[in-house]
Amino acid sequence: MDNNITIYMQEPDGSVTPHEAPTDMGLSLMEFLKASEYDILATCGGMALCATCCVDVLEGEEKLNEMTDDEYAMLDTLPDLLPNSRLACQLQLNNNMDGLKVKLHGVS
């Protein structure tokens with residue numbers, strides 16, 4: 001069985017970059033994006049306390065786990081929150097997320 005999925009990242013210029021992401025290493029989307037050298041601060045280290053890893057889900061939102069109260073409370077502090085915004089640290093990579101398309105929040 002293939003333990004890799006493809007995550008699509010919309011770049012600031014509007015182009016889309018596919019990334020192969022492993023689902024068998026226990027990584028969150030935040031950890032994967034940081035490892036892929038995206039400019040994510042993740043100052044709280046993935047504890048849903050800072051919202052610096054916020055992403056906007058462009059495709060595949062239905063593939064994600066339900067938002068926790070902690071995640072919702074932290075997202076609620078963002079002035080420019082979108083209905084499809086999520087904290088990447090709270091999204092554990094799994095096979096259901098194949099084809100997910102996201103962009104960094106606040107990047108046009």
Any chance you could lay out the side chain to side chain contact (heavy atoms under 4.5 Å, CB included) test for Glu59 and Tyr8, step after step, and finish with the verdict? CA-CA 9 Å; Glu59 288 174 22; Tyr8 296 93; over 6 Å; no

Report the C-alpha distance between Met30 and Ile40 in whole Å, list the side-chain angles of each, state the deciding distance to 0.1 Å, and finish with yes or no for side chain to side chain contact (heavy atoms under 4.5 Å, CB included). CA-CA 8 Å; Met30 177 267 294; Ile40 292 180; 4.1 Å; yes

Using side chain to side chain contact (heavy atoms under 4.5 Å, CB included), reason through Leu33 and Val55 one step at a time and then give a plain yes or no. CA-CA 10 Å; Leu33 292 176; Val55 295; 4.1 Å; yes

Hey, mind stepping through Leu78 and Cys54 against side chain to side chain contact (heavy atoms under 4.5 Å, CB included) and telling me if it holds? CA-CA 9 Å; Leu78 293 174; Cys54 186; 3.7 Å; yes

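Annotation: Glu37, atom CD; neighbour count of heavy atoms from other residues, nucleotides and ligands within 6.0 Å does not exceed 12. With a 6.0 Å radius and a threshold of 12 heavy atoms from other residues, nucleotides or ligands, Asp76 has its CG atom above the threshold.
For Asn84 (side chain) and Val57 (main-chain N/O), a donor-acceptor pair under 3.5 Å exists by modelled atom type. The backbone N or O of Gln10 sits nowhere less than 3.5 Å from a side-chain atom of Lys101 that would complete a donor-acceptor pair. Under the 3.5 Å distance criterion, the side-chain polar atoms of Thr23 are matched with a main-chain donor or acceptor of Asn3. Side-chain atoms of Ser15 never come within 3.5 Å of backbone atoms of Glu11 as a donor-acceptor pair (strictly under, hydrogens ignored). A donor-acceptor pair is defined here as one N or O able to donate and one able to accept, closer than 3.5 Å; no such pair exists between the side chain of Thr6 and the backbone of Glu20.
Taking hydrophobic clusters as Ile, Leu, Val, Met, Phe, Trp and Tyr residues chained together by side-chain heavy-atom distances below 4.5 Å, Leu87 does not share a cluster with Met97. Linking ILVMFWY side-chain heavy atoms closer than 4.5 Å, directly or via other members, places Leu64 and Phe32 in a single hydrophobic cluster.
Minimum heavy-atom separation, Asp80 to Gly106: OD2-CA, 4.5 Å. For the residue pair Gly46 and Cys89, the shortest heavy atom distance occurs at CA-CB, 3.5 Å.
Considering only heavy atoms from C-beta on, Met47 stays 4.5 Å or farther from Asp70 through its side chain.
Taking OG1 of Thr52 as the reference point, atom NE2 of His105 lies at 12.0 Å (rounded to 0.5 Å). If you take CG on Asn95 and NZ on Lys63, they are separated by 11.0 Å, rounding to the nearest 0.5 Å. Distance check, rounded to the nearest 0.5 Å: OG of Ser28 to CD of Gln90 gives 8.0 Å. If you take CE on Met74 and OG on Ser85, they are separated by 13.5 Å, rounding to the nearest 0.5 Å. Once rounded to the nearest 0.5 Å, the distance linking CE of Met67 with CD of Glu61 reads 7.5 Å. With rounding to the nearest 0.5 Å, the separation of NZ in Lys34 from CG in Leu27 is 13.0 Å.
If you run side-chain contact (heavy atoms from CB on, under 4.5 Å) between Ile7 and each of Asp98, Leu29, Thr17, only Leu29 comes through. Here the options are Asn94, Leu100, Leu93, the test is side-chain contact (heavy atoms from CB on, under 4.5 Å), and the partner is Asn96; only Asn94 passes.
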